[in-house]
Amino acid sequence: SQKIEQNSEALNIQEGKTATLTCNYTNYSPAYLQWYRQDPGRGPVFLLLIRENEKEKRKERLKVTFDTTLKQSLFHITASQPADSATYLCALRKAAGNKLTFGGGTRVLVKP
Amino acid sequence: DTGVSQDPRHKITKRGQNVTFRCDPISEHNRLYWYRQTLGQGPEFLTYFQNEAQLEKSRLLSDRFSAERPKGSFSTLEIQRTEQGDSAMYLCASSLPPRLAGTKNEQFFGPGTRLTVL
């Protein structure tokens, strides 16, 4: 069955450092991989999308890599700030589909 | 506020009761999705509408669950004979039509309805 794994342990990081999150998947051939941010009690908010034929995507302090051979995506938050503290979800989507299949999320806590 | 709205934000009910949730998508979005999220997990897909047509349903959507989008605008999700296992956050999302969304197809999520079944 399809499986999307994110580190369930919270990531505690010092302000200014780079946070790196992983998303691994099995039994899935996504055309698109997306990262969302979710704050407590709120719905997810879209951050970045990367296509299967792209290796890397950047947006401001965020960077995403996508390795379809390893079946893995890495999500980096550079120069992290306390306001970056949230849960980050990766989501996969097939080329012909519309639904998103989410990982369990990784909680990030940036300490001042 | 032009985002996705959901009502109610919280619902507490007793086991066996029926509940109905409403979702109002962003006005120009013709696609609407329902997801369910339990504590510490990511959202799980339940169902998807394009305009008023329900195009996909997850196996998670048992016969006690029904979703409608009668006029292609707002949607309702009803759960009949609620069980304690139905306790979760129910999220609604919407997205643009394919000709406008392109491959990005970003889904905009509402704040969710938190259901507690006692």
Side-chain angles (χ1 to χ4, degrees), chain A residues 1-10 21-25 28 30-54 57 59 64 66 73 75 86-108, chain B residues 1 3-6 9-10 21 23-26 29-51 53-61 67 88-98 101-114:
Chain A
S1 60
Q2 298 170 2
K3 206 170 184 182
I4 302 169
E5 289 185 331
Q6 295 184 252
N7 193 341
S8 58
E9 286 184 19
L21 286 65
T22 60
C23 174
N24 296 294
Y25 60 92
Y28 203 107
Y32 310 98
L33 190 145
Q34 304 180 5
W35 284 88
Y36 282 77
R37 169 184 172 139
Q38 187 172 28
D39 291 287
R42 307 189 73 170
V45 175
F46 173 83
L47 295 174
L48 279 168
L49 175 146
I50 188 165
R51 296 174 177 79
E52 61 179 336
N53 59 351
E54 296 176 320
K57 203 68 150 320
K59 179 183 175 183
V64 173
F66 193 10
S73 173
F75 178 80
T87 295
Y88 291 86
L89 299 157
C90 75
L92 278 59
R93 180 163 66 89
K94 294 182 178 179
N98 293 284
K99 74 178 186 184
L100 295 172
T101 304
F102 284 87
T106 298
R107 194 158 67 92
V108 173
Chain B
D1 187 354
V4 177
S5 61
Q6 292 188 245
R9 293 292 309 276
H10 303 274
F21 310 141
C23 170
D24 286 89
I26 295 171
H29 289 186
N30 74 335
R31 294 170 168 176
L32 186 146
Y33 313 80
W34 285 99
Y35 292 84
R36 180 173 68 187
Q37 185 175 28
T38 54
L39 203 61
Q41 303 297 316
E44 295 175 292
F45 171 80
L46 292 178
T47 190
Y48 151 66
F49 290 85
Q50 182 158 302
N51 300 312
Q54 188 173 19
L55 297 185
E56 190 172 353
K57 289 169 62 172
S58 164
R59 282 173 289 181
L60 291 174
L61 215 64
M89 174 79 87
Y90 289 84
L91 293 163
C92 175
S94 68
S95 65
L96 286 166
T103 54
K104 186 179 177 183
N105 192 22
E106 177 183 348
Q107 295 184 19
F108 293 80
F109 282 82
T113 294
R114 179 164 296 285

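Numbered from 1 within each chain, the chains take letters A, B, ... in sequence-line order.
- Applying the salt bridge (charged side-chain N to carboxylate O under 4.0 Å, His left out) rule to pairs touching residues 29-51 of chain B yields nothing, sequence neighbours excluded.
- A distance-only check finds a donor-acceptor pair linking the side chain of Gln107(B) to the backbone of Asn98(A) [under 3.5 Å].
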Determine whether Phe46(A) and Phe109(B) satisfy the following criterion, side-chain contact (heavy atoms from CB on, under 4.5 Å), listing intermediate values before the conclusion.
CA-CA 9 Å; Phe46(A) 173 83; Phe109(B) 282 82; over 6 Å; no

Please step through side-chain contact (heavy atoms from CB on, under 4.5 Å) for the pair Leu100(A) and Tyr35(B), ending with a clear verdict.
CA-CA 9 Å; Leu100(A) 295 172; Tyr35(B) 292 84; 3.5 Å; yes

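- Here the closest non-hydrogen pair linking Leu91(B) and Gly43(A) is CD2-CA, 3.9 Å.
- Heavy atoms of Gln38(A) lying under 4.5 Å from chain B belong exclusively to its side chain.
- Note that OH of Tyr36(A) is 6.0 Å distant from CD of Glu106(B), once rounded to the nearest 0.5 Å.
- With a 4.5 Å cut-off on non-hydrogen atoms, Gln50(B) does not touch chain A at all.
- Counting non-hydrogen atoms of neighbouring residues, nucleotides and ligands closer than 6.0 angstrom, the CZ atom of Arg107(A) reaches no more than 12 such neighbours.
- With a 4.5 Å cut-off on non-hydrogen atoms, Arg9(B) touches chain A through its side chain but not through its backbone.
- Contacts of Lys57(B) classified as salt bridge (Lys or Arg N to Asp or Glu O under 4.0 Å), with partners at least two apart in sequence or in another chain: none.
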